[in-house]
Number of protein chains: 2
Amino acid sequence: MDRGGTARRGRGPTDPDRRDRIARAAITVVARQGIAGLTHRRVAAEAEVPLGSTTYHFATLDDLVAAALEKAAERSVAELRTWADALPPDADLAEELAAFVVRSVGEKRADTMAEYNLYALALHRPQLRRAAVAWDDALADVLRARTDPLTGRMLGVLLCGLLMQAVLRDDPVPCAEIEAQVRRALEG
Amino acid sequence: MDRGGTARRGRGPTDPDRRDRIARAAITVVARQGIAGLTHRRVAAEAEVPLGSTTYHFATLDDLVAAALEKAAERSVAELRTWADALPPDADLAEELAAFVVRSVGEKRADTMAEYNLYALALHRPQLRRAAVAWDDALADVLRARTDPLTGRMLGVLLCGLLMQAVLRDDPVPCAEIEAQVRRALEG
DNA sequence: CGGAAATGCGGACAACCGTACACATAATGT
DNA sequence: ACATTATGTGTACGGTTGTCCGCATTTCCG
């Protein structure tokens with residue numbers, strides 16, 4: 001009767017996080033195939049659920065990308081918050097933030113790419129704008145907590161540009177360069 | 001026999017800028033419908049050429065988006081260069097650059113949105129990466145001419161983030177905020 | 001002038017996609 | 001215990017798309 005390796009009861013009306021799993025699968029699909037590859041069928045395959053299941057939880061494809069965007073934003077903000085919380089009070093912010101960027105473009109490159117793919121989708125979908133703007137604001141807010149409002153917003157903007165430009169370069173941007181830019185943004 | 005208002009001979013193997021016209025039409029389509037709306041058929045309609053014509057000049061759709069991205073980058077760089085050339089030598093760079101941003105998200109909003117849509121496409125298409133990186137470098141180069149290498153690159157990054165975040169907000173970002181951020185990037 | 005090459009044109013086809021629907025099954029409330 | 005509801009599943013359909021192909025027309029060049 002059981003199906004996966006784990007003891008998840010799996011089928012029937014009990015699979016409480018199925019909706020979430022589908023949304024996460026959508027992010028994975030975007031990370032691997034890009035926006036063009038985001039289809040009900042591929043997400044269903046990635047999440048290991050039948051096609052009908054994705055159309056049940058997300059009536060339209062727009063609903064699905066909206067959920068994916070929100071979840072990606074949530075993840076991204078959580079990551080930055082974790083970084084901020086783990087920061088010793090006397091840390092060199094420029095250095096640490098540069099390290100954060102390097103990590104986002106290095107090990108976490110796939111995630112970052114997926115995030116910006118979804119983010120860019122909001123350009124032409126009014127229903128997604130709200131989530132995208134909230135994303136920006138949340139990042140700025142985390143950064144503001146360590147500095148001041150203007151600096152927080154500026155760091156958010158700079159982070160956006162840095163990640164975007166760095167993630168689509170094949171050869172890595174030197175860490176010192178990033179640190180220098182961040183430092184200048186910090187020296188108000 | 002003639003067709004448009006101008007004296008272009010129009011049909012037959014003579015329509016020298018048809019390829020360009022199709023590429024420009026592609027940008028227009030993206031500006032209006034977003035990436036999802038970029039299809040051979042819609043571009044053909046926008047360019048007022050038959051479907052077969054787009055598939056002749058751009059065998060695959062990837063070729064078409066590549067051409068569109070390159071043309072968009074070319075346009076964007078040309079615009080910044082024009083701005084730079086028209087700048088009086090004693091101008092306040094922060095103020096002028098802020099005005100440039102405001103214009104890009106104001107009157108030119110549609111163009112800017114199309115540009116970032118195409119730019120983001122490069123995230124998952126290796127063939128487009130080169131063009132996107134060249135775009136970034138060209139912008140940084142124009143800005144460097146007025147400052148120094150590091151500042152030029154930083155302004156390029158900041159511009160990218162500013163435009164991106166501002167263009168998907170419904171209510172405009174205050175010009176003073178933009179100017180303040182640019183000014184801080186300039187004060188090395 | 002005449003053939004070769006380039007360009008333009010319309011139609012066709014196979015593949016894929018979003019969505020809807022009908023039915024099955026487990027949970028829930030009374 | 002049973003009816004109602006929420007969730008899961010398979011399948012089908014209409015529409016759109018990318019791409020290809022055959023043929024027409026114009027230019028080019030010797």
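Every value quoted in this text rests on a predicted model; they were computed, and no experiment measured them. Proteins get letters first, then strands, A, B, ... in listed order; numbering begins at 1 in each.
Per the geometry, CG belonging to Asp17(B) stands 14 Å off P belonging to dT7(C), to the nearest Å. Atom CG in Leu61(A) sits about 16 Å away from atom P in dT16(D), given to the nearest Å. Nucleotide dT17(D) holds its C1' atom 10 Å from the NE2 atom of His40(B), rounded to whole Å. Between Glu48(B) atom CD and dG8(C) atom C1' there is a gap of 16 Å when expressed in whole angstrom units. Rounded to whole Å, atom C1' of dG18(C) lies 9 Å from atom CG of Leu51(A). Remark: C1' of dT7(C) and CZ of Phe58(B) are 14 Å apart, rounded to the nearest angstrom. Going from atom OH of Tyr56(B) over to atom C1' of dG22(D) covers 15 Å, rounded to whole Å. Distance, Arg41(A) CZ to dG10(D) P: 14 Å, rounded to whole Å.
Side-chain atoms of Arg18(B) stay outside donor-acceptor range of the base of dG8(C), with no qualifying N/O pair under 3.5 Å.
Between Arg153(B) and Asp137(B) there is no salt bridge, since no side-chain nitrogen of the basic residue lies less than 4.0 Å from a carboxylate oxygen of the acidic one.
The side chain of Thr55(B) places no N or O atom within less than 4.0 Å of a non-bridging phosphate oxygen (OP1 or OP2) of dC20(D).
There is a side-chain donor-acceptor pair under 3.5 Å between Arg184(B) and Thr151(A).
Leu38(B) comes within 4.0 angstrom of the backbone, heavy atoms only, and of no base. Note on Arg19(B): nothing from the nucleic acid sits closer than 4.0 angstrom, heavy atoms only. Residue Thr39(A) is classed as a sugar-phosphate contact, given heavy-atom separations below 4.0 Å to backbone atoms only.
Under the ring pair (Phe, Tyr, Trp, His ring centres under 6.0 Å) criterion, Phe100(B) pairs with Trp83(B), not counting sequence neighbours.
Looking only at distances, no side-chain donor or acceptor of Arg42(B) sits under 3.5 Å from a matching main-chain atom of Leu38(B).
Checking His57(A) against Gly37(B), the closest nucleotide of DNA chain D that is more toward the 5' end is the one next to His57(A).
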